[in-house]
Novice: 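The structure is given below, and queries will be raised subsequently.
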2 protein chains.
Amino acid sequence: MLHILPEIDNSQALTERQKAVLDAALRLLVEEGDQLTMTAVARRASCSKETLYKWFGDRDGLLTATVQWQASKVRVAPVDGKGLDLASLTASLERFASDWLKVISSDTSIALNRVAVGHAGSGKDNLGAVVLENGRFALAKRLKPVLEAGRQAGWLDFADAETAFRTFFGLVARDVQIRLLLGDRLELTEAAIGGDAARATQQFLALFGAKTGRKADS
Amino acid sequence: MLHILPEIDNSQALTERQKAVLDAALRLLVEEGDQLTMTAVARRASCSKETLYKWFGDRDGLLTATVQWQASKVRVAPVDGKGLDLASLTASLERFASDWLKVISSDTSIALNRVAVGHAGSGKDNLGAVVLENGRFALAKRLKPVLEAGRQAGWLDFADAETAFRTFFGLVARDVQIRLLLGDRLELTEAAIGGDAARATQQFLALFGAKTGRKADS
DNA sequence: GGCGAACCGTAACGTACGGTACGGCTGGTC
DNA sequence: GACCAGCCGTACCGTACGTTACGGTTCGCC
């Protein structure tokens, strides 16, 4: 019995009890990876398996609901203002970079991406699409307006926002996510993340900064 | 019965028949993802399960052997010469970028990374380490001498080869691998790969090209 | 107080699959 | 030709887990 996902977001249709159950499933997913069992979820959430099946259909439904539930929690404020000076643009980019590094290095993100990657192999559900939509594509959607504003203000110079975004993405993430997903220990301290965010931002500005208006300190 | 991996490479200890079996397992892995069964491998390879268990110990042993077998096939020539002019350096970098994009977008690599990521969750074996060692770290090991040579010749300027490599890695891979692993369709044509390789190389040179000796065409 | 819906806990069922055992075939050795 | 090692095909075993079923409890509602 395949459940077709509602278009975007059904996290509001969840009762408090259901959210609590999904939180339990999420914790279990982080702790045990994809081999979490329905029995374990029921026990952890102090609910019956019958209830799990009634609410979520089957195991894949539960997994999907869990991923969507986590995704709905991450949704952030949609980029505040168009501060037009270079300093605030730089700060915005650094903030995005730092936030993104924190996300992809979090236990939750790693666990979710792992299960989604595993399921993408046998394409019976679209966990991968959900994760992608709420991760990399959501990031693009939030960052592009900043890039466009930077271009409007004359600080940035690029032809295609998508291409510019992907370069920024690469400069920020580098090999971090794949290494973490493959189990590489790679402790990212607060300080290291801040440094990486600053470096990536400077590199991005070096590549896409407009000819005019640069040379802030030389 | 856990089998400890020999230090680096035991692909030479395999008989032709064993290689054929591993090739069958590899094809099955690409086709079916991680839920390939021992029975399916035996049938595909026209061998008995008893033989599989005798040769590889258990399912994880077979998986590990399969991953290592594929890895042993990818090993490439260790970077030819130190062509010292900028053109050959650029060509080398583009070649690395192009090769890497081809690898990570291949069905085989995607399947292998998926199973390794899945297993990294429940850390009972080190598939992730094997994949990482033969992928991202092997690439670094081959590329760093090129970067060092470029620095020696005065074309590149960087403090740490590792950092420079990771930036190059990010510029080349961007979001490609994670999107493919998560099931995003993302057809990389030969032409697109070539273009991306050239772009990444130019960006890398813009960031790490030495002040002297640049400006080839302006 | 009676009633039904929702839900908990647990037992039970069916199946898929990892792992083992065994009989038969082949090919090499003496 | 006797013998034996290695391997194929298949049947078999045990278990884990997804899924279903059911008795008992709580809680609103009349």
Side-chain angles (χ1 to χ4, degrees), chain A residues 1-3 13-29 31-67 69 111 114-116 118-119 121-125 127, chain B residues 1-3 13-29 31-67 69 111 114-116 118-119 121-125 127:
Chain A
M1 189 194 317
L2 266 178
H3 284 201
L14 296 173
T15 67
E16 288 307 312
R17 180 74 180 112
Q18 288 172 326
K19 293 178 187 174
V21 169
L22 291 182
D23 273 328
L26 196 55
R27 284 199 306 276
L28 221 45
L29 207 59
E31 293 172 19
E32 305 201 1
D34 194 11
Q35 86 285 13
L36 76 105
T37 67
M38 299 298 277
T39 303
V41 173
R43 191 163 40 220
R44 175 70 70 100
S46 293
C47 73
S48 73
K49 289 204 278 182
E50 184 183 33
T51 302
L52 290 183
Y53 284 101
K54 178 182 294 187
W55 284 348
F56 306 110
D58 57 6
R59 187 174 182 275
D60 280 341
L62 173 62
L63 244 35
T64 304
T66 303
V67 170
W69 164 236
R114 279 192 181 141
V115 55
H119 278 236
S122 55
K124 54 186 173 181
D125 51 18
L127 279 190
Chain B
M1 191 193 315
L2 268 178
H3 285 202
L14 297 173
T15 67
E16 288 307 310
R17 179 73 179 116
Q18 288 172 327
K19 293 178 187 174
V21 169
L22 291 182
D23 273 327
L26 196 55
R27 284 199 306 277
L28 220 46
L29 207 60
E31 292 172 20
E32 305 201 2
D34 194 12
Q35 86 286 13
L36 72 100
T37 67
M38 299 298 277
T39 303
V41 173
R43 192 163 39 222
R44 175 70 70 99
S46 293
C47 73
S48 72
K49 286 207 284 179
E50 185 183 32
T51 301
L52 290 184
Y53 284 102
K54 179 182 295 186
W55 284 349
F56 306 109
D58 59 5
R59 186 173 183 276
D60 281 340
L62 173 63
L63 244 35
T64 303
T66 304
V67 170
W69 165 235
R114 279 191 181 142
V115 56
H119 277 236
S122 55
K124 55 186 171 180
D125 50 18
L127 279 190

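Labels below follow one simple rule: chain letters A, B, ... track the order of the sequence lines, proteins then strands, and each chain is numbered from 1.
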Novice: Using a 4.0 Å heavy-atom cut-off, write out nucleotides 7-13 of chain D from 5' to 3' as B (base contacted by protein), S (sugar-phosphate only) or - (no contact).
Specialist: SBB-B--
Novice: Could you tell me how far apart Gln35(A) (CD) and dC17(C) (P) are, to the nearest whole angstrom?
Specialist: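 Rounded to whole Å, this separation is 17 Å.
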Novice: Does the pair Arg44(B)/Glu32(B) count as a salt bridge with the N-to-O cut at 4.0 Å?
Specialist: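 Not counted as a salt bridge, because no side-chain N and carboxylate O are separated by less than 4.0 Å.
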Novice: Can you check whether Met38(B) reaches Tyr53(B) side chain to side chain, under 4.5 Å on heavy atoms?
Specialist: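 Yes, close enough: below the 4.5 Å cut-off.
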Novice: For the pair made of CG in Leu52(A) and P in dG9(C), what is the distance, rounded to whole Å?
Specialist: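 In whole Å, dG9(C) P and Leu52(A) CG are 11 Å from each other.
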Novice: Take atom OH of Tyr53(A) and atom P of dG9(C), then tell me their distance rounded to the nearest Å.
Specialist: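 The answer, rounded to whole Å, is 16 Å.
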Novice: First locate atom NZ of Lys54(B), then atom OG of Ser48(B), and finally report the distance between them rounded to the nearest 0.5 Å.
Specialist: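 Result: 8.0 Å between the selected atoms.
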Novice: Would you mind reporting whether Arg114(A) and Asp34(A) have side-chain heavy atoms less than 4.5 Å apart?
Specialist: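 Counting from C-beta outward, Asp34(A) and Arg114(A) never come under 4.5 Å.
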Novice: How close or far is atom P of dG18(C) from atom CG of Asp58(B), stated in whole angstroms?
Specialist: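 After rounding, the reported distance stands at 11 Å.
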Novice: Using whole Å, report how far CG of Leu62(B) lies from C1' of dC17(C).
Specialist: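 So the CG-C1' distance, Leu62(B) to dC17(C), works out to 14 Å.
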Novice: How long is the span from the CH2 atom in Trp69(B) to the CG atom in Leu14(B), to the nearest 0.5 Å?
Specialist: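 Between Trp69(B) CH2 and Leu14(B) CG, I get 7.0 Å after rounding to 0.5 Å.
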Novice: Got a sec, which residues hit side chain to side chain contact (heavy atoms under 4.5 Å, CB included) with Ala111(B), two or more places apart in sequence or on another chain?
Specialist: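 Result, side chain to side chain contact (heavy atoms under 4.5 Å, CB included) vs Ala111(B): Val30(B).
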